[in-house]
Amino acid sequence: MKKFFVCVGGLFLSFSLYAQQVKHPALLFTKARVEAAKSRMESDTCMARCWEDIRKVADGALKGNNFRRADYLSLAYLMTGDQRYADRLKSILQSLTSAKTWGSEEMLSRKPVWRSDLGLSHKCLMSALAYDAIYETLSGQERKDLAEKLLRLGLEPALGDWVLEPTRIHTLNSMGHNWWTSCVYNAGMLALALQNELPQAREWAATLNEVMPEWFGFAGDVLQNKMKTFDESGGMYESLNYANFGIQEALQYRIAWQNAYPGQKASPIPQLEKLPDYFLQVCYPRTGILYDINFGDSHKNVTAESSMMLLYALGIQRPDMLWYFNQVQDGQHRDGYFRNRPMGFLYMPDARKAPGTPDLPTSWLLKDFGWAMVRDSWKKDATMLAVKSGHTWNHSHADANSLILFHKGVDILKDAGNCSYPNPEYRGYFFQSDAHNVVLFNGEGQSREQQYEGSYLRGSLHHLMDNGQVKYVLANGTGPMADKFSRNFRHFLWMDKVIYVIDDIKAHHAGHFEWLWHYSGKAVKRGPDLTVTSDSASVIIRPLYPRLLALSDFVHDYPEDLYWEVKTGPTEDLKGKEEYYSFHLPGEHKRIKGLTAIILKDHPGDKDLPYMEKREGKDWIGLRVRRGGKVTDMYINQQADGRLMHNNSWIEADGWTTDAYMFTVTYDEGADPSTAGDIFVCYGSALRRGGVSYYSSLSKLFVMQHAEGKELDVHVQGQPYVRAVFHAGSRPSSLRVNGHAEKVVYEDGNVILKKQVKS
């Protein structure tokens with residue numbers, strides 16, 4: 001037997017901690033949890049039904065030695081005291097420990113040899129739960145024999161490969177994603193279970209408590225192009241599916257460690273407080289099962305109730321977490337901790353007093369790894385736009401600048417999804433740019449090698465803004481497409497019933513640009529529009545620049561307009577094919593400005609749609625949009641896309657003078673544009689008209705201005721310190737800046753703002 005030495009942190013724990021005997025059951029299925037569940041069953045009929053479901057599974061597991069049901073058998077024994085369950089668990093442990101190895105043939109053939117993997121870690125977890133549950137029924141000799149065998153088969157290879165010297169082969173840099181927590185902390189559960197019999201297991205358990213903050217705090221690296229594990233706002237770039245899995249494995253151990261050592265403080269992990277925000281913000285409440293954003297290797301029906309309930313058990317408790325639990329339906333995905341499964345039965349909080357909707361912002365940015373969520377409300381079946389432009393590698397797909405749109409309960413514009421990794425469709429399609437709503441060049445997206453090596457130049461998101469009337473975010477996907485593009489920007493501007501997608505792309509040489517649109521339901525091309533309908537959800541995709549869609553199938557009569565092509569890709573279940581659309585320019589171009597309107601229909605028969613008029617002038621293109629007695633003018637400055645260096649990009653447009661990249665003004669039908677109550681300036685230093693400066697700053701900023709009565713609401717980003725001037729005919733009675741009340745400083749018809757700004 002090899003001897004391991006322990007990482008330094010574990011040695012600082014007091015001798016009394018090592019000397020104390022753990023009183024079983026001491027891990028997850030504690031007597032306190034079991035008694036609390038029994039008590040709830042007396043008044044909660046749902047709990048009673050869930051217990052019956054669990055017991056049926058446990059009863060079915062009384063035949064054979066299926067270790068995958070050890071958790072059901074363990075809970076059944078602790079709930080009932082029925083010796084049949086304990087006997088079966090003992091038989092399962094004896095069967096498991098009769099094996100020569102728990103390693104897999106594939107991993108054992110690697111160099112260096114991987115003695116442990118996810119399969120071994122799961123055996124460690126199930127063995128720990130079984131051993132913990134029936135501990136008092138075993139003789140001293142039986143405990144010792146099982147402990148020695150579990151050490152050889154599970155603890156030694158797992159912790160020896162992943163944590164302990166002198167045999168460790170893995171690092172957080174190479175395998176510090178969801179595998180790390182599963183392999184380490186499921187083995188850690190076994191260490192906790194065996195520590196009465198194995199003194200070294202006590203030391204290892206303490207070490208694992210000490211090193212957990214390293215995983216949560218991993219900052220990434222340059223040489224191997226690894227992302228930091230967690231975004232500053234709480235998210236994890238691996239996709240919701242793997243984020244939930246990795247976090248869940250760590251939190252289970254943290255709970256078990258605290259149960260085993262009551263009164264001891266676990267190592268502080270500041271990231272835990274931010275995790276609920278991530279899980280909440282990526283969800284989409286709807287009529288039916290809860291959906292979630294499925295960027296990367298995830299599915300829209302995967303949820304994070306397991307990690308959420310473990311956080312709740314650790315004392316991170318918020319009313320909106322209870323709301324979340326009420327949105328999840330039992331059994332809606334494979335790996336959930338639902339109430340009719342052992343962990344959910346014991347750890348799901350009572351959510352009967354949850355709020356009807358969460359008290360959360362409607363826009364949220366994960367800036368470190370490039371996700372943004374923008375929604376019109378938190379009501380069920382609302383509209384939510386999700387945008388991604390971040391890192392590509394491993395479980396994070398080649399989808400820089402992509403979008404997903406949920407509308408009326410449906411992912412109407414969707415991500416194509418994923419499939420099982422060994423299938424060629426995963427590597428050849430689902431992971432690649434073709435399966436996402438992006439712009440291709442000469443039929444190609446991001447380099448396919450990025451799946452393995454990562455995108456050394458990452459995409460990014462910036463300037464998420466939401467004032468209730470206008471929502472905006474900027475995506476920069478230049479890095480992941482740097483072999484093809486020197487500029488690859490995509491602006492998302494949501495106003496009224498329209499989401500405008502503005503593409504600003506410059507290639508290294510002339511070629512063919514192609515826009516991809518993946519959708520749910522049925523798509524019909526009529527004239528310049530593609531109408532997508534699924535159940536009660538419907539949107540119109542209307543390309544406006546650089547050209548409209550060719551109006552008819554006689555495309556030779558429209559030689560310069562966008563052509564369309566219906567393409568097919570595999571469905572996620574690989575049982576069939578599904579269609580998606582490609583819009584492409586017929587000629588070769590080096591630089592394009594693309595403007596596509598996604599029109600949100602209230603229902604498939606909705607006729608109350610905006611009327612759009614394309615307009616152009618010297619050095620600008622734009623739209624005039626009319627609906628509901630309001631007019632919105634949009635201007636895109638053709639000189640402000642990087643083509644000018646030291647000469648600034650001033651234009652004259654319908655009486656407006658500006659150097660802004662883009663701006664919009666909204667005013668009443670029939671009124672003068674100067675009366676606009678809503679103004680949006682995208683990357684501009686001034687907006688003037690008729691000798692009046694409506695907005696001015698020495699640096700180019702992103703500004704939203706909403707005036708209603710005597711109240712002025714301003715959102716501003718772009719620089720850490722802002723000194724900006726806003727025109728107001730009279731002194732406003734109140735001023736809000738980026739959602740916070742500010743003192744009104746009013747001089748000579750202008751509101752003067754001086755403020756430190758967090759972008």
Side-chain angles (χ1 to χ4, degrees), residues 1-7 10 13 15-31 67 70-71 73-74 77-78 86 89-99 101-103 115-116 120-164 167 182-212 249 252-262 264:
M1 184 72 65
K2 293 178 180 176
K3 295 182 179 179
F4 296 107
F5 63 81
V6 183
C7 295
L13 291 180
F15 177 79
S16 61
L17 184 148
Y18 294 120
Q20 66 184 355
Q21 288 286 305
V22 171
K23 188 174 182 180
H24 296 274
L27 303 183
L28 298 174
F29 300 171
T30 63
K31 289 182 178 179
F67 78 90
D71 51 345
L73 289 163
S74 297
Y77 173 66
L78 295 172
L89 286 168
K90 180 178 177 180
S91 177
I92 288 172
L93 287 173
Q94 290 172 337
S95 176
L96 274 175
T97 55
S98 66
T101 178
W102 284 357
R115 295 177 297 161
S116 64
L120 182 143
S121 80
H122 191 63
K123 289 179 179 177
C124 286
L125 175 62
M126 291 295 107
S127 297
L129 295 177
Y131 191 88
D132 186 46
I134 65 170
Y135 186 85
E136 295 299 331
T137 70
L138 299 172
S139 69
Q141 188 60 48
E142 287 173 329
R143 295 171 189 167
K144 182 178 179 181
D145 290 345
L146 285 172
E148 290 292 339
K149 293 175 181 177
L150 290 170
L151 170 67
R152 175 181 63 83
L153 291 165
L155 272 184
E156 181 186 351
L159 298 185
D161 278 8
W162 291 87
V163 179
L164 302 175
T167 60
S182 181
C183 292
V184 170
Y185 288 110
N186 283 342
M189 296 287 286
L190 188 54
L192 287 172
L194 301 179
Q195 56 191 303
N196 287 349
E197 285 64 49
L198 303 174
Q200 65 269 45
R202 295 176 178 273
E203 299 177 355
W204 298 344
T207 297
L208 300 190
N209 171 57
E210 292 288 330
V211 302
M212 188 180 292
E249 306 297 82
Q252 281 187 161
Y253 180 81
R254 192 172 179 87
I255 289 174
W257 191 90
Q258 291 182 342
N259 288 338
Y261 301 116
Q264 295 288 335

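Quick caveat: nothing in here was measured; it's all calculated off a predicted structure.
- If you take CD on E156 and CD on E148, they are separated by 10.5 Å, rounding to the nearest 0.5 Å.
- The shortest heavy-atom contact between L27 and T30 is O-CG2, 3.7 Å.
- D71 and F29 make their closest contact through O-CE1, 3.4 Å (heavy atoms, listed as atom of the first residue, atom of the second, distance).
- Here the shortest heavy-atom pairing between L78 and P25 reads CD2-CG, 4.0 Å.
- In this structure a side-chain-to-backbone donor-acceptor pair under 3.5 Å is present from T207 to E203.
- Residue pairs meeting the ring pair (Phe, Tyr, Trp, His ring centres under 6.0 Å) criterion with at least one partner in residues 132-158, sequence neighbours excluded, are H24-Y135, Y131-Y135.
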Given N186 and Q252, is the side-chain contact (heavy atoms from CB on, under 4.5 Å) satisfied, shown in steps?
-> CA-CA 9 Å; N186 283 342; Q252 281 187 161; 4.3 Å; yes
Should M126 and L96 be marked as a side-chain contact (heavy atoms from CB on, under 4.5 Å) after you check the CA-CA gap, both sets of side-chain angles, and the distance that decides it?
-> CA-CA 10 Å; M126 291 295 107; L96 274 175; 5.6 Å; no
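- Between A256 and M189 the shortest heavy-atom distance is CB-SD, 3.6 Å.
- Between the CG atom of N259 and the NZ atom of K31 there is a distance of 13.5 Å, given to the nearest 0.5 Å.
- Partners of D161 according to the salt bridge (charged side-chain N to carboxylate O under 4.0 Å, His left out) rule, which considers only residues two or more places apart in sequence or in another chain, are R115.
- Within the 4.5 Å cutoff, side-chain heavy atoms of L146 are placed close to those of T97.
- In this structure, CD on E249 lies 15.5 Å from CZ on R254, to the nearest 0.5 angstrom.
- To the nearest 0.5 angstrom, L190 atom CG is 4.0 Å from L155 atom CG.
- Across W204, W162, Y253, W257, a single residue satisfies ring pair (Phe, Tyr, Trp, His ring centres under 6.0 Å) together with Y185, and that is Y253.
- Taking both residues in full, the closest heavy atoms of A130 and L89 are given as CB-CD2, 3.8 Å, listed atom of the first, atom of the second, then distance.
- In this structure, Q195 contributes its side chain and L192 its backbone to a donor-acceptor pair below 3.5 Å.
- The backbone N or O of A193 lies less than 3.5 Å from no partner atom in the side chain of D132, so there is not a single donor-acceptor pair.
- Here the straight-line distance linking atom CZ of R143 with atom OG1 of T137 works out to 8.0 Å at 0.5 Å rounding.
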Evaluate the side-chain contact (heavy atoms from CB on, under 4.5 Å) criterion for residues C124 and W102: first the C-alpha distance (whole Å), next the side-chain angles of each, then the deciding distance (0.1 Å), finally the verdict.
-> CA-CA 10 Å; C124 286; W102 284 357; 4.2 Å; yes
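- Across all their heavy atoms, A187 and C183 have their closest contact at CB-O, 3.4 Å.
- Considering only residues two or more places apart in sequence or on other chains, K149 meets the salt bridge (charged side-chain N to carboxylate O under 4.0 Å, His left out) condition with none of them.
- For the atom pair CD (E142) and CD (Q94), the distance works out to 7.0 Å, reported to the nearest 0.5 Å.
- In this structure, N196 contributes its side chain and V22 its backbone to a donor-acceptor pair below 3.5 Å.
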Dump the intermediate steps for side-chain contact (heavy atoms from CB on, under 4.5 Å) on F67 and L125, then the final yes or no.
-> CA-CA 10 Å; F67 78 90; L125 175 62; over 6 Å; no
